[in-house]
Undergrad: 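Next up is a structure, given as structure tokens.
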Amino acid sequence: MPKYHIWTIGCQMNKAESERLGSYLEQLGYQPATADDADLIVVNSCVVRQSAENRVVNKLNALRPLKRLRPTLTLAVTGCLVNANLAQLKERFPQVDYFFKPGDYPQWLEKLGWEQILPQHPVPSTYVSIIQGCDNFCSYCIVPYRRGRNRSRPVKEITAEVSELVNCGAKEVTLLGQNVDSYGHDLPDQPDLADLLRELNAIDGLLRLRFLTSHPRDMSPKLIEAVASLDKVCEQLSLPVQSGNNEILTAMRRGYTVEQYRQLITEIRDKIPRVALSTDVIVGFPSETEQQFQQTFDLLSELRFDTVHVAVYSPRPGTLSAREFEDNIPAEEKRRRLNKIERLQEGIAAEINARLLGKTVEVLVEGERKGKWYGRTRSGKLVFFTNHNNCLGQLMNIRIEKTSPWSLQGKVRRGK
Ligand code: SAM
Ligand code: SF4
């Protein structure tokens with residue numbers, strides 16, 4: 001039996017695509033294996049930041065001797081490294097046999113019909129990509145250049161896929177898109193994410209629905225209302241703000257002001273009382289002054305997110321900011337700003353999570369690690385607990401006894 005190995009880096013969409021590709025290969029008769037044993041190695045790449053691209057390049061270079069040793073090994077690369085200039089990629093990485101764009105499957109992988117393939121044994125919690133690409137062209141971002149423009153999947157197709165996943169054992173589905181709340185605008189009858197959530201909420205056996213990542217400009221009152229009113233849609237939203245300064249937001253081409261963002265968060269918290277919010281921030285954008293950075297810091301202190309993903313600015317070839325602005329904040333200064341936000345957020349997350357001490361939360365159990373079961377609350381908090389029986393895929397009531405900025409620990413609460 002042929003063997004495969006998939007190496008993945010980057011966002012949830014890459015992880016979901018790799019999961020799907022693995023199932024597909026298994027239906028073609030491949031078995032999972034380590035890179036050393038595999039007949040086919042797929043590298044699912046990310047180039048959103050230079051650091052990710054460096055890791056991909058290192059990985060491909062490390063695979064070069066393996067390919068020389070075993071010429072029958074097939075090496076394929078997908079993800080955001082793959083651009084239109086295949087000839088240049090082939091010259092740079094001669095060890096690679098095939099390059100294919102994300103979701104764009106080549107003939108040798110198409111024998112079974114890619115779209116029909118679902119994970120064979122989905123874990124209780126799984127991902128479904130509902131929209132590819134992005135129309136936004138934020139000045140720093142390479143995604144629209146590598147993943148193309150918005151392409152939403154029809155509501156019917158997604159509903160059928162989620163129903164099938166639920167039949168195979170999935171209890172929770174996270175809908176994915178680079179800009180998930182712009183879903184449907186490109187479809188003929190223009191359904192939106194709220195319409196899709198309503199359809200999916202009606203699927204028997206499905207317990208929870210989530211979606212990420214949302215763009216603040218596309219977060220409509222109708223969508224907020226849908227999250228507030230649909231029982232399976234979890235109280236968790238991911239809304240990248242990127243900066244707390246209006247000049248930087250304009251240079252980033254984000255399409256909103258700090259005041260509009262703050263108003264949006266107020267509306268969300270008003271309509272969805274226990275909502276958990278996460279955001280993304282970039283520090284060290286070209287010419288970001290200490291004062292402008294401080295405004296981002298102050299906004300995060302004021303809005304108190306459950307989670308903050310902070311990244312140092314990385315100029316990406318071909319993007320507007322890389323062409324127009326000098327990357328003039330020194331690396332150590334970027335790192336200092338990043339560390340300062342990470343320390344702030346650690347304190348905020350510790351305080352938010354500490355409020356759950358002594359409370360009972362509902363956890364959907366996703367697996368077992370080092371003798372402890374783990375799963376997530378509706379708000380997305382990771383919870384560990386011990387239980388003698390197999391409770392995989394079950395909803396458990398857990399009384400929280402210990403908290404940290406990153407996770408919670410507790411005991412099963414039996415009875416009412
Ligand atoms: N679509 C989402 C949004 O509106 O922000 C996020 C998708 S983006 C691929 C994921 C995150 O990567 C962004 O939120 C941003 O913080 C980070 N990112 C993207 N380009 C970057 C760059 N050039 N330098 C540093 N971080 C970057
Ligand atoms: Fe990139 Fe997100 Fe902006 Fe699209 S909305 S260009 S994915 S940062």
Side-chain angles (χ1 to χ4, degrees), residues 9-17 44-55 79-81 102 129-152 174-183 185-186 193 211-219 237-244 248-256 260-261 264 277-288 293 296 299-300 305 307-329 331 333-335 337-338 341-342 345:
I9 182 172
C11 63
Q12 294 294 356
M13 293 197 78
N14 269 15
K15 287 175 195 150
E17 278 157 12
N44 195 350
S45 62
C46 170
V47 295
V48 162
R49 288 188 282 274
Q50 187 63 47
S51 52
E53 181 165 349
N54 293 346
R55 286 185 60 197
C80 289
L81 179 76
S129 166
I130 63 166
I131 175 169
Q132 288 281 345
C134 180
D135 283 354
N136 276 343
F137 290 93
C138 298
S139 65
Y140 53 83
C141 186
I142 201 166
V143 166
Y145 301 94
R146 297 298 167 91
R147 289 191 173 246
R149 309 300 289 265
N150 276 351
R151 291 177 317 281
S152 303
T174 302
L175 308 176
L176 295 178
Q178 296 291 347
N179 194 356
V180 75
D181 50 349
S182 67
Y183 171 79
H185 301 178
D186 57 314
L193 184 55
F211 56 90
L212 53 94
T213 303
S214 298
H215 193 290
R217 209 179 38 191
D218 291 313
M219 179 56 61
L237 292 173
S238 161
L239 276 164
V241 64
Q242 307 299 3
S243 170
I248 298 283
L249 285 177
T250 304
M252 286 178 163
R253 299 197 156 204
R254 288 292 291 175
Y256 52 81
Q260 286 167 330
Y261 185 87
L264 177 64
L277 294 172
S278 71
T279 198
D280 294 8
V281 160
I282 296 176
V283 294
F285 190 80
S287 304
E288 182 190 60
F293 163 71
T296 301
L299 187 72
L300 298 178
F305 293 92
T307 313
V308 175
H309 305 282
V310 48
V312 296
Y313 171 72
S314 168
R316 306 312 293 134
T319 60
L320 190 75
S321 69
R323 275 182 278 138
E324 307 242 311
F325 309 126
E326 191 195 340
D327 179 21
N328 56 2
I329 310 294
E333 176 57 19
K334 285 180 181 167
R335 183 91 351 229
R337 293 179 187 182
L338 177 131
I341 286 183
E342 282 188 339
Q345 186 53 31

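Note that ligands are numbered from 1 as they come in the structure, with each ligand's atoms numbered from 1 the same way.
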Undergrad: Would you mind running through ligand 1 and noting each atom that sits below 4.0 Å from a heavy atom of Val143?
TA: 9 (C)
Undergrad: Only heavy atoms of Pro144, strictly under 4.0 Å: list the atoms of ligand 2 that pass.
TA: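 It comes down to these atoms of ligand 2: 6 (S).
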Undergrad: Numbering the atoms of ligand 1 from 1, which are under 4.0 Å from a heavy atom of Ala311?
TA: 26 (N)
Undergrad: Looking at Arg151, Arg149, Arg253, which one forms a salt bridge (charged side-chain N to carboxylate O under 4.0 Å, His left out) with Asp135?
TA: Arg149
Undergrad: Just by modelled atom types, is the Val283 backbone N or O under 3.5 Å from a matching donor or acceptor in the Lys334 side chain?
TA: no
Undergrad: Should the proximity of Arg146 to ligand 1, defined as any heavy atom under 4.0 Å, be assigned to the side chain, the backbone, both, or neither?
TA: neither
Undergrad: Please could you name the atoms of ligand 2 that Phe137 approaches to less than 4.0 Å, counting only its heavy atoms?
TA: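 Once the distances to Phe137 are compared, the set is 6 (S).
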Undergrad: Counting distance only, does the side-chain N/O of Asn328 pair as donor-acceptor with the main-chain N or O of Ser287 below 3.5 Å?
TA: yes
Undergrad: Which residue holds the protein heavy atom closest to atom 25 (C) of ligand 1, what is that atom called, and what is the gap in Å?
TA: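 Protein heavy atom at minimum distance: Val312 O, 3.2 Å.
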Undergrad: Centroid-to-centroid, Phe211 to Tyr183, below 6.0 Å?
TA: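 No; Tyr183 has its ring centre 6.0 Å or more from that of Phe211.
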Undergrad: With respect to Asn179, determine whether any N or O atom, backbone or side chain, lies less than 3.5 Å from an N or O atom of ligand 1.
TA: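 Min N/O separation from ligand 1 is not below 3.5 Å for Asn179.
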Undergrad: Any side-chain heavy-atom pair from Phe285 and Thr296 closer than 4.5 angstrom?
TA: no
Undergrad: So which protein heavy atom does atom 5 (S) of ligand 2 come closest to, and at what separation?
TA: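 Protein heavy atom at minimum distance: Asn136 ND2, 3.3 Å.
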Undergrad: Specify side chain, backbone, both or neither for Gln178, according to which of its non-hydrogen atoms lie closer than 4.0 Å to ligand 1.
TA: both
Undergrad: Could you find the nearest protein heavy atom to atom 26 (N) of ligand 1 and give me its residue, atom name and distance?
TA: Arg49 NH1, 3.5 Å
Undergrad: Who's the nearest protein heavy-atom neighbour of atom 24 (N) of ligand 1, and how far?
TA: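 Ranked first by proximity to atom 24 (N) of ligand 1 is Ser314 N, 3.0 Å.
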Undergrad: Measuring from the heavy atoms of Arg254, does anything fall under 4.0 Å of ligand 2?
TA: yes
Undergrad: Number the atoms of ligand 2 from 1 as they appear, then name those within less than 4.0 Å of a heavy atom of His215, with their elements.
TA: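 It comes down to these atoms of ligand 2: 5 (S).
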Undergrad: Among all protein heavy atoms, pick the one closest to atom 16 (O) of ligand 1 and tell me residue, atom and distance.
TA: Gln242 OE1, 3.1 Å
Undergrad: Is there a donor-acceptor pair closer than 3.5 Å between any side-chain N or O of Asp327 and the backbone N or O of Pro315?
TA: no
Undergrad: Dump the intermediate steps for side chain to side chain contact (heavy atoms under 4.5 Å, CB included) on Asp181 and Asn179, then the final yes or no.
TA: CA-CA 6 Å; Asp181 50 349; Asn179 194 356; 3.2 Å; yes
Undergrad: Given Glu53 and Arg146, is the salt bridge (charged side-chain N to carboxylate O under 4.0 Å, His left out) satisfied, shown in steps?
TA: CA-CA 13 Å; Glu53 181 165 349; Arg146 297 298 167 91; over 6 Å; no
Undergrad: Can you sort out which atoms of ligand 1 are near His215, meaning under 4.0 Å from one of its heavy atoms?
TA: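 Listed by number with element: 4 (O).
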Undergrad: Judged by non-hydrogen atoms, does His309 sit under 4.0 Å from ligand 1?
TA: no
Undergrad: Restricting to N/O/S atoms, is Cys141 within less than 2.8 Å of atom 3 (Fe) of ligand 2 or not?
TA: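 No, since none of the N, O or S atoms of Cys141 sits under 2.8 Å from atom 3 (Fe) of ligand 2.
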Undergrad: Hey, does the side chain of Glu288 reach the backbone of Gly284 with a donor-acceptor pair shorter than 3.5 angstrom?
TA: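 At least one qualifying donor-acceptor pair exists.
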Undergrad: In the protein, which heavy atom is nearest to atom 20 (N) of ligand 1, and how far is it?
TA: Tyr140 CD1, 3.3 Å
Undergrad: For ligand 1, is any non-hydrogen atom under 4.0 Å from Pro240's backbone (N, CA, C, O), its side chain (CB onward), both, or neither?
TA: side chain
Undergrad: Give me the residue, atom name and distance of the protein heavy atom closest to atom 3 (Fe) of ligand 2.
TA: Cys138 SG, 2.3 Å
Undergrad: Is the backbone N or O of Leu81 less than 3.5 Å from a side-chain atom of Ser45, with the two atoms forming a donor-acceptor pair by type?
TA: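 Yes; judged by distance alone, with no hydrogens or angles, the pair exists.
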Undergrad: Please work out whether any backbone atom (N, CA, C, O) or any side-chain heavy atom from C-beta onward of Tyr140 is under 4.0 Å from ligand 2, and answer side chain, backbone, both or neither.
TA: side chain
Undergrad: Begin from the C-alpha positions of Ser182 and Asp218 and carry the test side-chain hydrogen bond (donor to acceptor under 3.5 Å, both in side chains) through to its verdict.
TA: CA-CA 6 Å; Ser182 67; Asp218 291 313; 4.6 Å; no
Undergrad: Applying side-chain hydrogen bond (donor to acceptor under 3.5 Å, both in side chains) to Tyr140 and Ser314, what does each step give before you reach the verdict?
TA: CA-CA 8 Å; Tyr140 53 83; Ser314 168; over 6 Å; no
Undergrad: I'd like to check whether Arg316 has a polar contact with ligand 1, where a contact means an N/O of the residue lying under 3.5 Å from an N/O of the ligand.
TA: no
Undergrad: Is there side-chain contact between Cys46 and Cys80, with at least one heavy-atom pair below 4.5 Å?
TA: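 SC-SC contact between Cys46 and Cys80 ruled out.
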Undergrad: What verdict does the side chain to side chain contact (heavy atoms under 4.5 Å, CB included) test give for Arg217 and Gln260, after you've listed the backbone C-alpha separation in whole Å, the side-chain angles of each residue and the deciding distance to 0.1 Å?
TA: CA-CA 9 Å; Arg217 209 179 38 191; Gln260 286 167 330; over 6 Å; no
Undergrad: Could you find the nearest protein heavy atom to atom 4 (O) of ligand 1 and give me its residue, atom name and distance?
TA: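 For atom 4 (O) of ligand 1, the nearest protein heavy atom is Arg254 NH1, 3.0 Å.
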Undergrad: Looking only at protein heavy atoms, which one is nearest to atom 27 (C) of ligand 1, and what is the separation?
TA: Ile282 CD1, 3.7 Å
Undergrad: Taking it one step at a time, do Leu300 and Thr279 satisfy side chain to side chain contact (heavy atoms under 4.5 Å, CB included)?
TA: CA-CA 9 Å; Leu300 298 178; Thr279 198; 4.0 Å; yes
Undergrad: Give me the residue, atom name and distance of the protein heavy atom closest to atom 18 (N) of ligand 1.
TA: Val48 CG1, 3.7 Å
Undergrad: List the steps, then state whether side chain to side chain contact (heavy atoms under 4.5 Å, CB included) holds for His215 with Arg254.
TA: CA-CA 9 Å; His215 193 290; Arg254 288 292 291 175; 3.7 Å; yes
Undergrad: For atom 4 (Fe) of ligand 2, what is the closest protein heavy atom, and at what distance to 0.1 Å?
TA: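 Scanning the protein heavy atoms, the shortest distance from atom 4 (Fe) of ligand 2 goes to Cys134 SG, 2.3 Å.
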Undergrad: Would you tell me which option among Thr319, Val283, Asp280 has the nearest heavy-atom contact to atom 11 (C) of ligand 1?
TA: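 Heavy atom nearest to atom 11 (C) of ligand 1 belongs to Asp280.
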